[in-house]
Amino acid sequence: MKNVLKSFFESFLRSRHMLHHFERWQTLLGSKPVGTGSSVSMPPDIAKALGAASRTDAGEMLLKLNSSPRGLSEGHAQVLRKRLGSNEVRHEQPLPWWQHLWQCYRNPFNLLLTVLALVSYVTEDMKATLVIGSMVVLSTVLRFLQESRSNKAADRLKAMVSNTSTVLRPAPGYKAGAAGDEGFDTTHAGTVRVEVPMRDLVPGEVIALSAGDMIPADCRLLTAKDLFISQSALTGEAMPVEKFVVDRGDHAAGVLERENLLFMGTNVISGTATALIVHTGDRAFFGALAQRVTATDRGTSAFQAGINRVSWVLIRFMLVMAPLVLVINGVAKGDWWEAALFALSIAVGLTPEMLPMIVTATLAKGAVVMSRQKVIVKRLEAIHNFGAMDVLCTDKTGTLTQDRIVLERHTNAWGEGSDHVLQLAYLNSFHQTGLKNLLDKAVLSHAELQLETRLQTAYRKIDEVPFDFSRRRMSVVVANGGSEHLLICKGALEEILSVCTSVERGAEVLALDAEVLARIHRVASELNAQGLRVVAVASRSLKTEARKPAYGVADESGLTLLGYVAFLDPPKESTAPALRALAEHGVAVKVLTGDNELVTRKVCTDVGLEVGRIVLGREIEDMADADLRLVVEAHQVFAKLTPAHKERIVHALHANGHVVGFMGDGINDAPALRAADIGISVDGAVDVAKESADIILLEKSLMVLEQGVIQGRRTFANMLKYIKLTASSNFGNVFSVLVASAFLPFLPMLPLHLLVQNLLYDVSQIAIPFDNVDEEFLKSPQRWNPADLGRFMVFFGPLSSVFDILTFAVMWFVFAANTVGHQTLFQSGWFVEGLLSQTLIVHLIRTRKIPFLQSRAAWPLLIMGAAIAAVGIWLPMGPLAHYFKLQALPLMYFPWLVAMLVGYAVLTQAVKGWHARRYGWQ
């Protein structure tokens with residue numbers, strides 16, 4: 001069923017920055033880089049324009065785009081926006097209504113019905129033609145309406161979470177001169193920084209970039225400092241590439257290899273930069289490529305694969321049973337044409353033609369309900385994975401803790417209070433322009449106003465060495481008017497110590513010998529044991545001869561350790577009950593953090609999480625994949641992890657058969673978010689984390705996540721109800737047909753009767769997406785299991801056949817409907833009993849409990865079922881009976897009908913209890 005939920009996927013793919021979807025396209029296009037020798041090359045006109053931008057001087061490019069190093073004015077940007085349109089890739093245009101309607105019609109089930117309608121029309125059976133046509137119209141129109149409403153709802157939900165870019169604007173009152181006359185400095189004097197939605201960007205904008213940012217358009221670099229970009233989505237190259245203001249490579253090389261160009265859809269790994277936007281939207285390379293691969297089959301998702309497997313169970317059953325019905329009736333009755341029509345009707349009855357509509361409506365309703373709980377679903381198929389998730393991997397900071405970090409201590413290396421350490425930490429946090437995290441904000445907010453004013457005016461920034469996740473530290477270089485430059489470095493203790501040769505204590509500077517190192521580690525461990533996160537601060541004075549205009553990682557050497565700034569991030573009060581709630585719902589929580597093991601143990605213990613042994617990243621480094629698979633099952637907490645470690649852990653859990661969710665909000669979480677079955681991020685996350693995620697939480701809370709898990713299971717439960725109900729009732733009907741066909745001298749039901757019955761039954765199922773779900777079903781993860789469905793069909797299908805055969809006996813012996821002349825009475829009796837038993841089975845199978853008493857369906861489903869039952873009885877008893885080739889049933893028939901329905905309910909309830917005890921009840 002390739003078209004199931006297609007409209008939703010198209011809606012999602014209209015988003016501009018589809019990093020992980022681009023990787024899927026790359027696979028479909030031959031798994032080759034999109035560079036030289038690729039099966040998909042860059043469009044010549046775009047390649048030519050980007051090549052010219054790479055070769056052209058930055059000042060000339062600014063002039064060409066009527067811009068300046070200080071960016072466009074807001075008024076100029078608005079004019080360009082109106083003229084050029086949004087920065088959106090239209091690789092999946094919203095379909096015109098008539099094309100959408102055609103897609104809703106074009107599925108195997110409707111095509112089969114159409115063939116049957118044409119056959120009926122050719123044979124001048126206009127009644128059958130009208131009924132079958134009604135089924136096609138009902139299925140198509142309902143799906144069309146549901147998908148149209150759902151697309152609008154999905155678009156509204158996605159609009160609640162939007163990525164932004166930092167653009168430079170001329171400061172108020174600033175009058176720009178000629179673009180080419182201005183230099184490119186790193187302070188951007190005369191500018192203000194403004195956050196602008198990515199869709200509103202236009203060519204000529206100057207954007208500021210730092211670690212974690214997505215590249216929103218094709219750009220030409222203006223300034224760059226230790227800038228590393230991940231281009232794997234475009235080139236397939238796993239390692240990040242460094243970018244420079246001037247392209248130092250061969251101009252004959254492919255455009256993607258130009259060192260001064262950035263491309264839409266890639267992301268910043270580390271460093272800082274400013275860049276001039278050259279192409280947006282469809283003119284960007286990403287947009288042009290997206291348009292070229294629109295017609296390519298994007299492959300089958302896990303959710304679609306699950307539906308496909310279930311559908312094939314029904315299709316294989318149909319392919320076996322329909323020919324059997326044809327042969328038995330053809331041989332027994334001698335009318336092969338009538339037998340063929342009857343067999344086709346049976347085939348129609350076995351096809352779940354309402355499945356696309358039911359799935360669409362159920363997922364849409366689930367997404368809207370989850371949005372009210374502050375959970376935004378980017379990909380509707382992710383709702384299934386949400387319900388199936390049995391392991392949640394999460395970071396510690398902001399999830400288990402309050403995400404409200406405060407600077408608790410500032411000490412020297414010996415644990416003694418030190419204002420000097422606070423001052424240098426402040427200078428580092430204030431002047432860095434890269435990835436400012438909560439620790440920097442805590443430092444900046446801690447210092448008093450007097451301290452801020454004095455430090456900001458006394459020191460000027462010279463340069464910086466941005467943070468990255470391999471060094472786990474960052475440095476700024478400042479000067480205070482003298483002949484010296486001061487390099488201030490802060491970061492993780494081990495990484496800072498690796499570049500230190502001495503330690504300061506008061507006026508003394510001591511060498512880092514073994515005794516001193518042991519003392520340093522002891523002080524840091526004591527702070528960690530109190531739940532404090534320790535960040536080390538070191539510095540180095542650069543005399544006149546060592547001064548440079550620009551600094552790099554190599555200058556982070558020979559430093560003197562000054563001390564620590566220690567932060568407290570207390571656990572959330574809601575964390576402990578949320579962890580218990582997730583455990584009660586069958587979701588194991590594993591903590592994956594880059595923090596050290598002492599802080600991690602303290603926080604995990606405070607929130608009631610069983611810690612045991614903490615596995616460290618350095619241990620994982622040396623493990624084979626097979627060993628890691630054993631370790632991730634046995635342990636719950638992992639610390640001192642790199643992004644690669646987190647990704648490996650997710651892969652190991654997945655290899656063990658788990659459905660894995662990963663919750664993260666930083667650039668270091670992006671690989672694991674992509675590797676997980678369901679990536680979960682928050683609205684305040686870095687761009688690349690939000691883009692890699694399937695679910696966005698508007699509130700960073702495990703309690704919110706627990707509610708999302710429950711809703712995901714509720715959504716899946718209602719989808720599964722329709723499939724189980726359709727499969728079991730259709731199996732029973734066909735089994736009854738085979739028995740009746742072998743012994744009756746006439747057809748047990750006309751093709752028209754089967755089609756009308758199927759139509760009415762389908763209408764009764766429309767309300768399933770709105771049904772209630774028992775709490776027991778929500779307690780454990782749920783997954784597609786075609787084997788369970790087959791077993792369910794075998795057990796519950798024949799139950800209805802028992803009472804169908806009793807109905808045959810009653811009609812044959814009690815009401816003497818045992819000749820060809822009385823076949824209409826026989827067929828009318830089975831028509832009513834079959835329809836009412838199908839309607840009743842909805843309430844019997846929808847719950848493990850006693851229906852109506854212990855578990856009651858939602859009012860829409862109750863009302864719809866009662867209405868269809870009433871119509872089913874009215875058809876043979878009313879004025880349209882002759883039209884449908886039915887006849888009025890004697891009043892004495894109805895006590896028999898009630899007795900059989902009651903018996904059916906009692907027997908089904910008994911078998912249901914046995915089946916649940918033996919196989920469980922999904």
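Quick caveat, the model's predicted, so the values are computed rather than measured.
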Do [X] and [Y] have side-chain N/O donor and acceptor atoms under 3.5 Å apart?
X	Y	value
H431	Y459	no
T274	T223	yes
H76	N66	no
T166	E195	yes
S475	E556	yes

(request) Verify side-chain contact (heavy atoms from CB on, under 4.5 Å) between N260 and V246, making sure each step is shown before the conclusion. (result) CA-CA 6 Å; N260 59 355; V246 178; 5.8 Å; no
Side chains of [X] and [Y]: does their closest heavy-atom pair fall under 4.5 Å?
X	Y	value
E464	V477	no
P203	R283	no
H485	V478	no
D669	K646	yes
N385	D694	no
I695	I376	no
I229	N267	no
S539	L486	yes

Nearest heavy-atom pair of [X] and [Y]: which atoms, and what distance?
X	Y	result
I496	A538	CG2-CB, 3.8 Å
V255	A47	CG2-O, 3.5 Å
S429	D440	OG-OD1, 2.7 Å
D218	F285	OD2-N, 2.7 Å
H645	L641	ND1-CA, 3.6 Å
Q231	L256	NE2-O, 3.5 Å

So, [X] side chain and [Y] main chain: donor-acceptor pair closer than 3.5 Å or not?
X	Y	result
S54	L50	no
D247	E259	yes
R533	L439	no
D677	G661	no
N87	T280	no

(request) Starting from the C-alpha separation in whole Å, work towards a yes-or-no answer on side-chain contact (heavy atoms from CB on, under 4.5 Å) for C219 and I207. (result) CA-CA 9 Å; C219 305; I207 59 174; 4.0 Å; yes
[atom1]/[X] to [atom2]/[Y] distance, rounded to the nearest 0.5 angstrom?
X	Y	atom1	atom2	result
I488	L559	CD1	CG	11.0 Å
R258	R220	CZ	CZ	10.5 Å
S86	M198	OG	CE	14.0 Å
Y426	L444	OH	CG	6.0 Å
L201	L72	CG	CG	10.0 Å
M663	L592	CE	CG	13.5 Å

Is it true that [X] and [Y] make a salt bridge, defined as a side-chain N closer than 4.0 Å to a carboxylate O?
X	Y	answer
D595	K640	no
R471	E495	no
E74	R169	yes
K225	D463	yes
R55	E60	no

(request) Decide side-chain contact (heavy atoms from CB on, under 4.5 Å) for D555 and L487; before the verdict, give the C-alpha distance in whole Å, the side-chain angles of both, and the deciding distance to 0.1 Å. (result) CA-CA 9 Å; D555 295 296; L487 184 147; 4.1 Å; yes
(request) Going by the side chain to side chain contact (heavy atoms under 4.5 Å, CB included) test, name the single residue among L221, L262, V206 that passes it with L276. (result)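 The passing option is V206.
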(message) Set out, in order, the CA-CA distance, both residues' side-chain angles and the distance that settles side-chain hydrogen bond (donor to acceptor under 3.5 Å, both in side chains) for K490 and Q432, then state yes or no.
(response) CA-CA 11 Å; K490 79 174 191 301; Q432 73 124 327; over 6 Å; no
(message) Apply side-chain contact (heavy atoms from CB on, under 4.5 Å) to residues S68 and L62 and explain how you reach the verdict.
(response) CA-CA 6 Å; S68 78; L62 287 164; 5.6 Å; no
